[in-house]
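One structure is given here, and the rest of the page talks about it.
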Amino acid sequence: MDQVGLVTKIRDDNIAEVKIKRMTACGDSCESCSGICHVPGIVITVPNTLNANVGDEIELRAKGESILKYAMITYMIPFCMLLIGIFASMYIFKSMGIKSYENYSFLVGLVFLAISYVILRKIDKKIEKTNNLSFEMVKIL
């Protein structure tokens, strides 16, 4: 997956901050859906392997295995936590003889879902600290 970005800042540790435009659901062809969608750019950090300067447009390539791994973490942890919360509490509430155990189980599942977002934030901070970046510079345009 290749992206084009604009170098906005070069840090002292030879890391470039690059602003890339998010892709829209209609594939950047707003004429096809007649929608008015303003998609803001996001800033990512990549190693400045090409010695790019501020203002340079560069081509970025995503490392496929990293993207898939992060997508699995992002989607599966909340999903699993929700299911664990629902089914474990359903078993406990049912064995306690609570009549509307389904409703309470759903609420416990939502609490587990909220806990999963705390876990995801910790994982995100760890990935950021280890500098395990998922994009690399390919060429200066």
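For clarity, every value in this text was computed on a predicted model and none was experimentally measured. Note that the numbering runs from 1 along the sequence shown for the chain.
Side-chain contact between Val7 and Glu17 is absent, with no heavy-atom pair separated by less than 4.5 Å. With a 4.5 Å cut-off on side-chain heavy atoms, Phe93 and Val108 count as touching. Between Pro78 and Leu120 there is a side-chain heavy-atom pair separated by less than 4.5 Å. A heavy-atom distance below 4.5 Å is not found between the side chains of Val138 and Ile58. For the pair Met81/Ile115, a side-chain contact is recorded, criterion being any heavy-atom separation below 4.5 Å from C-beta on.
Between Ser105 and Ser89, the shortest heavy-atom distance links the atoms CA-OG, 3.2 Å. Listed here is the closest heavy atom pair of Asn48 and Ala52: OD1-N, 2.8 Å. Pairing each heavy atom of Glu102 with each of Lys99, the nearest pair is OE1-O, 4.2 Å.
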Inset, instruction - Apply side chain to side chain contact (heavy atoms under 4.5 Å, CB included) to Asn103 and Leu107, showing your working. - result: CA-CA 6 Å; Asn103 296 334; Leu107 293 175; 5.8 Å; no
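Applying the 4.5 Å side-chain rule to ILVMFWY residues, one finds Leu141 in the same cluster as Val4.
Following chains of ILVMFWY side-chain contacts shorter than 4.5 Å, one can reach Val54 starting from Val46, so the two form part of one hydrophobic cluster. Transitive grouping of hydrophobic side chains (ILVMFWY, heavy atoms separated by less than 4.5 Å) brings Val111 and Ile98 into a common cluster. Tyr75 is not connected to Leu82 by any chain of hydrophobic side-chain contacts under 4.5 Å among Ile, Leu, Val, Met, Phe, Trp and Tyr, and they are in different clusters.
Qualifying side chain to side chain contact (heavy atoms under 4.5 Å, CB included) partners for Asp13, counting only residues two or more places apart in sequence or in other chains: Arg11, Ile15.
Residue Met137 holds its CE atom at 6.0 Å from OG1 of Thr49, rounded to the nearest 0.5 Å. Between the CD1 atom in Ile77 and the CE atom in Met72 there is a gap of 10.0 Å [rounded to 0.5 Å]. One finds the CD1 atom of Ile140 at 7.5 Å from the CG atom of Asn51 (value rounded to the nearest 0.5 Å). In this structure, CZ in Phe112 is found 11.5 Å from CG in Leu83, a value given to the nearest 0.5 Å. How far CG of Asp124 is from OH of Tyr117: 13.5 Å, rounded to the nearest 0.5 Å. Interatomic distance, CG of Leu6 versus CG of Asp56, reported as 8.5 Å (0.5 Å rounding).
Enclosure of atom OH in Tyr104 is not indicated, since only 12 or fewer non-hydrogen atoms of other residues, nucleotides or ligands lie within 6.0 angstrom.
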